[in-house]
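Notes follow once the structure below has been shown.
Proteins come first, then strands; the chains are lettered A, B, ... in the order of their sequence lines, and each starts at number 1. A quick note: this is a predicted structure, and the numbers were derived from the prediction, not measured. Below, each value reflects all heavy atoms present in this structure, side chains not excepted, and no hydrogens, waters or symmetry copies.
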Amino acid sequence: MGSGTGNDFNSQVLTTETWASRATLAHARALLGKVLVRTRAGRESARVITEVEAYIGGSDLACHASRGRTRRTEVMYGPPGHWYVYLVYGMHEMLNLVTGPEGWPSAILIRGVAGASGPGRVTRSLVVGRALNGKPAVRASGLHIEDRGIRVPERLVTRTPRIGINYAGPVWASKPWRFMVDSAALGGAAANS
DNA sequence: GGGAGGATGGAT
DNA sequence: TCCATCCTCCCA
């Protein structure tokens, strides 16, 4: 696959996968500073997203979809803008937002929000579970994302390899597909916006 | 039907 | 460094 080698801009022919990969990474970056809004029993809790990771397509060996289309990964093959929630290590719910295009499995894991660092803590603090799996990210589902005007300047964004995926091998484990913004610095940025 | 291993987090 | 805890997927 053309996008597997790294520098897409040197490619003469840009494949559908290349475009989709770029779109997912741009989307991941754009999620920093957006607000995750949980509505439950008439109450709303909102948290600014501070850390995400991208899992991009069937060729990404760290992506669950790399092992084929199964019952669990089915939602990743569906239309974008839906939640992919699964249980890991028998105790932690992982919250992902499916990105597009349909039929091309990719998702963004929400690893941190203001006040909760770590994907397991994100879901625990917002009471998010597998009941949301496959649901669209709209208010009626009880969980959606809002842009409340928080600006995240590039200098506050850190990119690193993804966490806990060494089993995927060095090529995929080294992709800088984790995006973070310092929570405290973000507070200042939000105040200035 | 059985078994291995996992996109973590907290304790030791 | 260890391990709780259970779902998913592969293999037989």
Side-chain angles (χ1 to χ4, degrees), chain A residues 1 3-4 6 17 20-34 36 38 45 47-100 103-135 137 143 145 157-183:
Chain A
M1 261 77 20
S3 65
E17 182 166 357
S21 175
R22 283 195 204 169
T24 294
L25 289 171
H27 196 166
R29 162 65 178 84
L31 278 179
L32 297 179
K34 296 298 186 296
L36 190 59
R38 178 77 164 117
S45 38
R47 307 288 183 85
V48 176
I49 296 170
T50 56
E51 180 181 341
V52 297
E53 278 177 358
Y55 290 85
I56 307 182
S59 59
D60 174 6
L61 294 184
C63 181
H64 288 164
S66 69
R67 276 149 303 203
R69 190 167 184 155
T70 66
R71 184 117 115 240
R72 181 177 61 153
T73 62
E74 184 63 27
V75 63
M76 277 203 283
Y77 289 82
H82 286 65
W83 300 116
Y84 168 41
V85 186
Y86 68 91
L87 184 72
V88 73
Y89 299 123
M91 59 189 77
H92 301 298
E93 314 271 358
M94 301 285 105
L95 174 65
N96 301 252
L97 180 65
V98 174
T99 58
W104 195 79
S106 59
I108 296 167
L109 170 67
I110 312 290
R111 283 191 63 88
V113 296
S117 180
R121 291 176 178 168
V122 168
T123 55
R124 193 177 62 179
S125 70
L126 288 174
V127 196
V128 165
R130 279 162 287 169
L132 281 161
N133 187 51
K135 298 274 178 58
L143 187 66
I145 292 171
V157 177
T158 303
R159 289 183 67 168
T160 80
R162 295 168 292 180
I163 301 300
I165 56 152
N166 285 334
Y167 65 85
V171 171
W172 296 100
S174 65
K175 301 273 186 197
W177 289 354
R178 176 187 184 211
F179 298 77
M180 295 178 290
V181 57
D182 179 74
S183 204

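Remark: A/His64 pairs with A/Tyr84 by the side chain to side chain donor-acceptor pair (under 3.5 Å) rule, at least two apart or across chains. A search for side chain to side chain donor-acceptor pair (under 3.5 Å) contacts involving A/Ser66 returns nothing, not counting sequence neighbours. Partners of A/Arg29 by salt bridge (Lys or Arg N to Asp or Glu O under 4.0 Å), not counting sequence neighbours, listed by chain and number: A/Glu154. Judged as a side chain to side chain donor-acceptor pair (under 3.5 Å), and not counting sequence neighbours, A/Thr50 has no contacts. Not a single side chain to side chain donor-acceptor pair (under 3.5 Å) links A/Ser174 to another residue, sequence neighbours left out.
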Next item on the list: Give the dot-bracket string for DNA chain C, reading 5' to 3', where a pair is Watson-Crick or G-U wobble with both distances under 3.5 Å, ( ) marks pairs inside the strand, [ ] marks pairs crossing earlier ones, | marks a partner on another strand, and . marks unpaired.
Entry: ||||.||||||.

Under 3.5 Å, N/O pairs linking protein and nucleotides 9-12 of chain C:
from, atom 1, to, atom 2, distance (Å)
C/dC9, OP1, A/Thr70, OG1, 2.0

Side chains of residues 111-121 of chain A: which donor-acceptor partners sit under 3.5 Å, not counting sequence neighbours?
from, atom 1, to, atom 2, distance (Å)
A/Arg111, NE, A/Glu51, OE2, 2.8
A/Arg121, NH1, A/Ser117, O, 3.1

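Contacts classified as side-chain hydrogen bond (donor to acceptor under 3.5 Å, both in side chains) and involving residues 160-171 of chain A (residues at least two apart or in different chains) are given here: A/Asp60-A/Arg162, A/Thr160-A/Arg178. Applying the salt bridge (Lys or Arg N to Asp or Glu O under 4.0 Å) definition to pairs two or more places apart or across chains, those involving residues 72-96 of chain A are A/Arg69-A/Glu74, A/Glu93-A/Arg130.
Listed by residue number, the members of residues 118-133 of chain A with any heavy atom below 4.0 angstrom from DNA chain B are A/Gly118, A/Pro119, A/Gly120, A/Arg121, A/Arg124.
Residue contacts shown for A/Leu109 include a base, since a base heavy atom lies under 4.0 Å away. Looking at heavy-atom distances under 4.0 Å, A/Met91 makes contact with a base.
Close approach of DNA chain B to chain A, defined as any atom under 4.0 Å from a non-hydrogen atom of the protein, starts and stops at B/dG6 to B/dG10.
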